[in-house]
Amino acid sequence: DTAVSQTPKYLVTQMGNDKSIKCEQNLGHDTMYWYKQDSKKFLKIMFSYNNKELIINETVPNRFSPKSPDKAHLNLHINSLELGDSAVYFCASSQTGTGGSPLHFGNGTRLTVT
Amino acid sequence: GENVEQHPSTLSVQEGDSAVIKCTYSDSASNYFPWYKQELGKGPQLIIDIRSNVGEKKDQRIAVTLNKTAKHFSLHITETQPEDSAVYFCAAAGGNQFYFGTGTSLTVIP
């Protein structure tokens with residue numbers, strides 16, 4: 001009954017490969033996000049989808065492509081992986097509304113590119 | 001865009017003492033300020049939040065204060081315990097956009 005679940009938890013791959021990370025939320029939220037956390041723990045927004053529509057697309061290489069088949073799922077596909085892509089990637093969700101509502105995070109996917 | 005600064009980056013306290021983490025933000029349109037705790041190998045978890053129409057909020061040993069005029073907000077943890085050791089993040093949000101501070105690594109020494 002995990003609220004935001006992402007798979008896999010660990011991903012080790014070689015440079016040049018293509019990989020995907022999946023995310024699902026069962027909170028009924030209408031907005032989902034991908035964040036990247038580097039080795040210094042900085043949390044950087046990558047993408048945000050609201051009801052399957054892209055609403056935030058920060059400066060991210062176009063090798064990264066998010067896909068939202070429905071509002072409960074937001075997957076991240078990465079082409080031609082590079083060493084610098086190594087990081088922990090977090091999926092999150094929230095409910096749009098006035099006054100603010102919190103982000104709920106998954107437990108992360110640790111990506112290691114060798 | 002919004003810029004959130006967080007201090008200190010590391011903090012060590014003796015068990016039972018208080019810990020204070022401070023954040024400033026730049027965009028007066030931000031109206032929601034959550035705090036997250038991240039334990040090793042896990043995602044950030046919400047511990048307390050405050051909205052712009054409130055100056056202070058408390059939940060047991062944790063409290064948050066907000067000064068909208070000065071654009072700063074703080075997290076206060078009293079009677080710290082070893083299990084409070086973690087990385088803490090502040091955030092400022094307006095609508096669907098969340099901007100995070102750079103994190104504070106808190107160590108509570110038994």
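Convention: sequence-line order gives letters A, B, ...; per-chain numbering from 1.
- With a 4.5 angstrom heavy-atom cutoff, B:F89 touches chain A only via side-chain atoms.
- In this structure, no portion of A:K44 lies under 4.5 Å from any heavy atom of chain B.
- Put simply, B:L46 and B:Y88 are part of two different groups of oily side chains (I, L, V, M, F, W, Y) that touch within less than 4.5 Å, one to the next.
- When heavy atoms are compared at a cutoff of 4.5 Å, A:Q37 approaches chain B solely by way of its side chain, counted from C-beta outward.
- Contact detail for B:F98 and A:S94: the closest heavy-atom pair is CE1-OG, 4.5 Å.
- When the side-chain contact (heavy atoms from CB on, under 4.5 Å) test is applied to B:S28, the partners found at least two apart in sequence or on another chain are B:K71.
- Counted within 6.0 Å of NZ on B:K58, heavy atoms from surrounding residues, nucleotides or ligands total 12 or fewer; the atom is thus considered open.
- A:V113 and A:L11 fall within the same hydrophobic cluster, where Ile, Leu, Val, Met, Phe, Trp and Tyr residues are linked whenever their side-chain heavy atoms come under 4.5 Å apart, directly or through other members.
- Heavy-atom pairs under 4.5 Å with chain A were tallied for B:S52, B:G43, B:S105; the largest tally goes to B:G43.
- A ring pair (Phe, Tyr, Trp, His ring centres under 6.0 Å) check over residues 35-87 of chain A, counting only residues at least two apart or in different chains, returns the pairs A:Y35-A:F105, A:Y35-B:F100.
- In this structure, CD in B:Q38 is found 9.5 Å from CG in A:N107, a value given to the nearest 0.5 Å.
- A:L43 is not listed as a side-chain neighbour of B:Y36, based on a closest heavy-atom distance of 4.5 Å or more.
- Rounding to the nearest 0.5 Å gives a distance of 11.0 Å between OG1 of A:T31 and CD of B:Q97.
- The NZ atom of A:K41 sits 13.5 Å away from atom OG of B:S9, with the distance rounded to the nearest 0.5 Å.
- Residues A:L103 and B:I48 fall into different hydrophobic clusters, defined by Ile, Leu, Val, Met, Phe, Trp and Tyr side chains chained together at heavy-atom separations under 4.5 Å.
- Looking at B:P44, both its backbone and its side chain come within 4.5 Å of chain A, counting heavy atoms on both sides.
- There is no contact between B:Y99 and chain A, counting heavy-atom distances below 4.5 Å.
- Counting heavy-atom neighbours within 6.0 Å of B:E79 CD, excluding the residue itself, gives a total of 12 or less.
- Atom CG of B:L40 has 12 or fewer neighbouring heavy atoms from other residues, nucleotides or ligands inside a 6.0 Å radius.
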